[in-house]
> 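Have a look at this one before I ask anything.
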Amino acid sequence: MHVELVTIVVAEYDPAIDFFVRALGFDLIEDSPSLTNDGRPKRWVVVRPPAASTGILLARADGDLQLPVIGNQVAGRVGFFLRVDDFDEAYRRMTAAGVEFVIRPRREPYGRVAVFLDISGNRWDLLGPAQPSMP
């Protein structure tokens, strides 16, 4: 058993795809035409980090109930966590791609961490490995 997908509500598909693929380095797994439950056109868009098993469904907001959650899916908390092997390289690449970091890198017992915003304004932790213990 595993979590296959989580959803992030976005304003528009193409800018969200560009952000996740170009700025974060995710793979575009699927971008297919689909229909809402009441028959209106939409897209089924899935991105995920390379070699990951869990993907993100980028769902365009549909209606007055969904619009307010764009960028606030977890009430202003960090709700998404991107673990990388090379923190410094990922931080440099993401910064160069225009990703907005709202909390600068710091060291914690569990590893390096910096907080960034996705295209919608949701908060993410960029997580890197902990420093090895000195003998």
> Could you state whether F116 and I56 fall into the same hydrophobic cluster, counting links through intermediate Ile, Leu, Val, Met, Phe, Trp or Tyr residues with side-chain heavy atoms under 4.5 angstrom apart?
yes

> Taking L117 as the starting point, is it possible to reach L127 by hopping between hydrophobic residues whose side chains are less than 4.5 Å apart?
yes

> Does R123 reach the side chain of R77, with side-chain heavy atoms less than 4.5 Å apart?
no

> Provide the closest heavy-atom pair for R104 versus A114 in the form atom of the first, atom of the second, distance.
C-CB, 4.1 Å

> Pairs in or reaching into residues 29-70: which pass ring-ring contact (aromatic ring centres under 6.0 Å, His included), with residues at least two apart or in two chains?
none

> Any chain of hydrophobic side-chain contacts (each under 4.5 Å) joining Y110 to F81?
yes

> Roughly how far apart are D18 CG and E12 CD, rounded to 0.5 Å?
13.5 Å

> Rounded to the nearest 0.5 Å, what separation is found between the CG atom of L57 and the CD1 atom of I29?
12.5 Å

> If I take atom CG from residue N37 and atom NZ from residue K42, how far apart are they, to the nearest 0.5 angstrom?
6.5 Å

> Looking at side-chain heavy atoms only, is the closest gap between Y13 and D31 below 4.5 Å?
no

> Counting heavy atoms not belonging to L65, are there more than 12 under 6.0 Å from its CG?
no

> Ring-plane angle category for W124 and F26, please: parallel below 30°, perpendicular beyond 60°, tilted otherwise.
perpendicular

> Flag yes if L5 and V74 sit in one hydrophobic cluster, no otherwise; membership is Ile, Leu, Val, Met, Phe, Trp, Tyr, and two members link when side-chain heavy atoms are under 4.5 Å apart.
no

> Hey, could you give me the CD1/CZ distance between I8 and F20, rounded to the nearest 0.5 Å?
4.0 Å

> Spell out, yes or no, whether V21 and L58 are grouped together once hydrophobic residues are joined by side-chain heavy atoms under 4.5 Å, including indirect joins.
yes

> Do E89 and V84 touch side chain to side chain, with heavy atoms closer than 4.5 Å?
no

> Going from CE on M94 to CG on L126, what distance comes out if it is rounded to the nearest 0.5 angstrom?
5.0 Å

> Do N122 and S120 meet the criterion of a side-chain donor-acceptor pair at a distance under 3.5 Å?
no

> Name all residues meeting the ring-ring contact (aromatic ring centres under 6.0 Å, His included) criterion together with Y91; count only those two or more places apart in sequence or in a different chain, and write none if there are none.
F101

> Rounded to the nearest 0.5 Å, how far apart are CG of D64 and CD of Q66?
10.0 Å

> Output all residues satisfying salt bridge (Lys or Arg N to Asp or Glu O under 4.0 Å) with D86, sequence neighbours left out; order by chain, then residue number.
none

> Indicate yes or no: at least one non-hydrogen side-chain atom of L28 is less than 4.5 angstrom from one of V45.
yes

> Would you say CZ of R106 has more than 12 non-hydrogen atoms from neighbouring residues, nucleotides or ligands within 6.0 angstrom?
yes

